[in-house]
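So the structure is just underneath, and the comments pick up after that.
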Amino acid sequence: MFSTYDMKKYGAELRKIRKYLGLNQSDVRRISGLNEDTLTNLENGLVIPRYDTIEILSHVYKFDLMGLLFYFKNETNILALYEQLDEAITYNDVTKLYSIRDNLFDIKGSASMDNLVQFSDFDMLLSYSDSILVYYDKKSSSQAKFASKNSLIETLKINNPDFSISSFKKFNYNFLELRMLLQIALFESDSENYALSNSIMEFILKKMSIFDKYELVPVKFKLIIYFNLSYNYHNLYNHKKVYNYAAEGIELGKSTNDFSNLFFLYYRKGIAEYHLKYPDYMDSLRKSIYILEILDRHELKRLYIESTKKNYNIDIN
C-alpha cells in the first residue's frame, strides 16, 4: 500500500517525549547506541525510521513509538487520488489525467516534503498513472501501448520478481498492484485478447472482495471493471455473461447512488437481453438513454440511438 507519513509532526512528538523524560540527545545516543545523525534526522522529520530503530527507541522511551507512527500515516491521500483517477477515467478526461500525473511529478520533485513517502511505491504509482495516460490518450500508438504494458509488467516484478502475465494468478497483490493488473487487462482487451483480459478482471474482482468489508474499494473502480467485462463479453458474443456482469454493475451503482457508468451498463444489458430474447430489453435501453439525458451527454445519446438503429434495427425513441 502506498503511504505517506507526516514525519515533521512525528519527529516533533519524539522530541517532546525525550524532553519530557529529561533526556538530551547525548543521553539517548549513549543508552540506545544509535548514532548522532539517526536521532537528529528522526527528530527533524527527515527520514522514515527502520523498524529496529523504533523498537530500540521504544525501549528507551518506554512508549509504543510504532503505534505512534501510525497516527501520522496518511493513506486517505492515496484513496482520494484513486478516486480522482477513477473519475477522470470514467469520463475519459485525458486533460485531468495529465494534471494528476504532473501533480505526482511535482510532489516527487519537491525539495522540501513535509510528508515523506515510500518511494518504491511512489514510483509504482507513477508507472500506473503513465500507463493510464497512454491507454486513454487517442494519440497513443500501438507501439506505445505495448511498451506501456511491458513497463507495468516490469513494475509488478518489484514485489513479485517471477511475475508474468501467464502466471498472474500465482501471486498476491496490494491494492495499487491490482490497479496495475487491471490496466494490463485493458491493454490486452485493446489487442482483442478478450479471454485473457476477462480472466484478469474476474481475478481482480475476487481478490478485491477482501477489501469490501473495509470499504476501501472506490465504487467507480469496480464499475470500470464491470463496464469492461460486459464490453469484452459482448465482443465474444457471450450474451449471458454480458447480462450478468452488467446487472451486477447496475446493482452496485444503484446501491451507492453512483450513476456515472450506468448508462453503458444498462445499454449492454439491453443489447444482451435482445440477443437472449428477454422481453424487457427495451426498458433497459430506454433507461440508458434517460441516464444520458440526466448527465447531459447529448452527443453520446445521439450516437447510441443511431448505432442501435443501424446495428439492431431497434428504435429506442
Side-chain angles (χ1 to χ4, degrees), residues 1-7 48 73-160 163 165 173-191 197 200-201 204 208 211 216-225 227-228 231 258 260-261 264:
M1 171 66 74
F2 171 85
S3 304
T4 66
Y5 295 86
D6 192 333
M7 297 309 299
I48 295 178
K73 188 175 183 179
N74 301 318
E75 287 189 354
T76 54
N77 291 344
I78 189 61
L79 294 178
L81 178 61
Y82 286 154
E83 290 177 357
Q84 291 176 33
L85 285 169
D86 292 340
E87 183 85 12
I89 290 169
T90 297
Y91 294 106
N92 292 317
D93 190 341
V94 175
T95 301
K96 180 66 174 177
L97 288 172
Y98 272 106
S99 176
I100 294 171
R101 195 277 308 271
D102 291 343
N103 185 50
L104 286 173
F105 275 114
D106 289 342
I107 292 172
K108 186 178 181 182
S110 174
S112 58
M113 293 175 61
D114 287 339
N115 292 334
L116 297 183
V117 299
Q118 297 174 352
F119 277 102
S120 62
D121 288 351
F122 196 90
D123 287 338
M124 291 177 71
L125 181 60
L126 284 173
S127 176
Y128 171 60
S129 64
D130 281 340
S131 70
I132 294 173
L133 273 173
V134 171
Y135 180 78
Y136 286 98
D137 192 334
K138 294 180 180 179
K139 298 177 183 177
S140 297
S141 64
S142 58
Q143 292 86 351
K145 291 181 178 180
F146 181 77
S148 185
K149 183 185 76 172
N150 286 337
S151 177
L152 284 174
I153 292 170
E154 292 304 311
T155 304
L156 283 170
K157 289 181 180 179
I158 293 174
N159 293 330
N160 294 305
F163 173 83
I165 294 179
Y173 304 92
N174 62 34
F175 195 25
L176 174 56
E177 289 168 332
L178 286 176
R179 284 176 166 271
M180 298 173 73
L181 202 57
L182 172 61
Q183 197 55 47
I184 290 174
L186 297 185
F187 280 126
E188 293 295 342
S189 175
D190 197 60
S191 299
S197 178
I200 294 173
M201 287 191 284
I204 294 170
M208 282 198 312
F211 296 103
L216 289 176
V217 182
V219 172
K220 280 186 173 56
F221 179 67
K222 293 187 75 171
L223 289 175
I224 289 167
I225 295 177
F227 171 105
N228 284 284
Y231 174 78
D258 190 321
S260 54
N261 265 320
F264 179 87

(message) Testing the basics here: between Leu126 and Ser129, what is the closest heavy-atom pair and its distance to 0.1 Å?
(response) O-OG, 2.9 Å
(message) For a quick check under 3.5 Å, do Tyr173 and Asn160 share a side-chain donor-acceptor pair by atom type?
(response) no
(message) Strictly below 4.0 Å, N to O, side chains only: are Lys220 and Glu87 in salt-bridge contact?
(response) yes
What side-chain donor-acceptor pairs closer than 3.5 Å can you find for residues 145-152, not counting sequence neighbours?
{"from": "Lys145", "atom 1": "NZ", "to": "Asp190", "atom 2": "OD2", "distance (Å)": "3.1"}
{"from": "Lys149", "atom 1": "NZ", "to": "Glu188", "atom 2": "OE2", "distance (Å)": "2.9"}

(request) First locate atom OG of Ser131, then atom CZ of Arg179, and finally report the distance between them rounded to the nearest 0.5 Å. (result) 11.0 Å
(request) Give, for atom CD1 of Ile89 and atom CD1 of Ile132, the distance between the pair rounded to the nearest 0.5 Å. (result) 4.0 Å
(message) Keeping Thr90 on the side-chain end and Asp86 on the backbone end, is there a donor-acceptor pair under 3.5 Å?
(response) yes
(request) State whether the number of non-hydrogen atoms from other residues, nucleotides or ligands found under 6.0 Å of Phe187 atom CZ is greater than 12. (result) yes
(message) With a 3.5 Å distance limit and no angle check, can you tell me whether Asn103 reaches the backbone of Ser99 through a side-chain donor-acceptor pair?
(response) no
(message) What's the separation between atom CD1 in Ile184 and atom CD1 in Ile204, rounded to the nearest 0.5 Å?
(response) 9.0 Å
(message) I need the Glu83 CD to Phe221 CZ distance, nearest 0.5 Å.
(response) 12.5 Å
(message) Exactly one of Met201, Glu177, Met208 should register a side-chain contact (heavy atoms from CB on, under 4.5 Å) with Leu182. Which one does?
(response) Met201
(request) Grab the two heavy atoms, one from Leu125 and one from Tyr82, that are nearest each other, plus how far apart they are. (result) CD1-CE2, 4.3 Å
(message) Any heavy-atom pair between the side chains of Tyr98 and Asp137 that's under 4.5 Å?
(response) yes
(message) Quick check for you: to the nearest 0.5 Å, what is the distance between Ile200 atom CD1 and Leu178 atom CG?
(response) 11.5 Å
(request) Would you mind reporting whether Leu223 and Phe264 have side-chain heavy atoms less than 4.5 Å apart? (result) no
(request) With rounding to the nearest 0.5 Å, note down the distance linking CG in Leu156 to CD1 in Ile165. (result) 9.5 Å
(request) For side chain to side chain contact (heavy atoms under 4.5 Å, CB included), just list the numbers for Ser140 and Tyr135, CA-CA rounded to whole Å, side-chain angles, deciding distance to a tenth of an Å, and then say yes or no. (result) CA-CA 7 Å; Ser140 297; Tyr135 180 78; over 6 Å; no
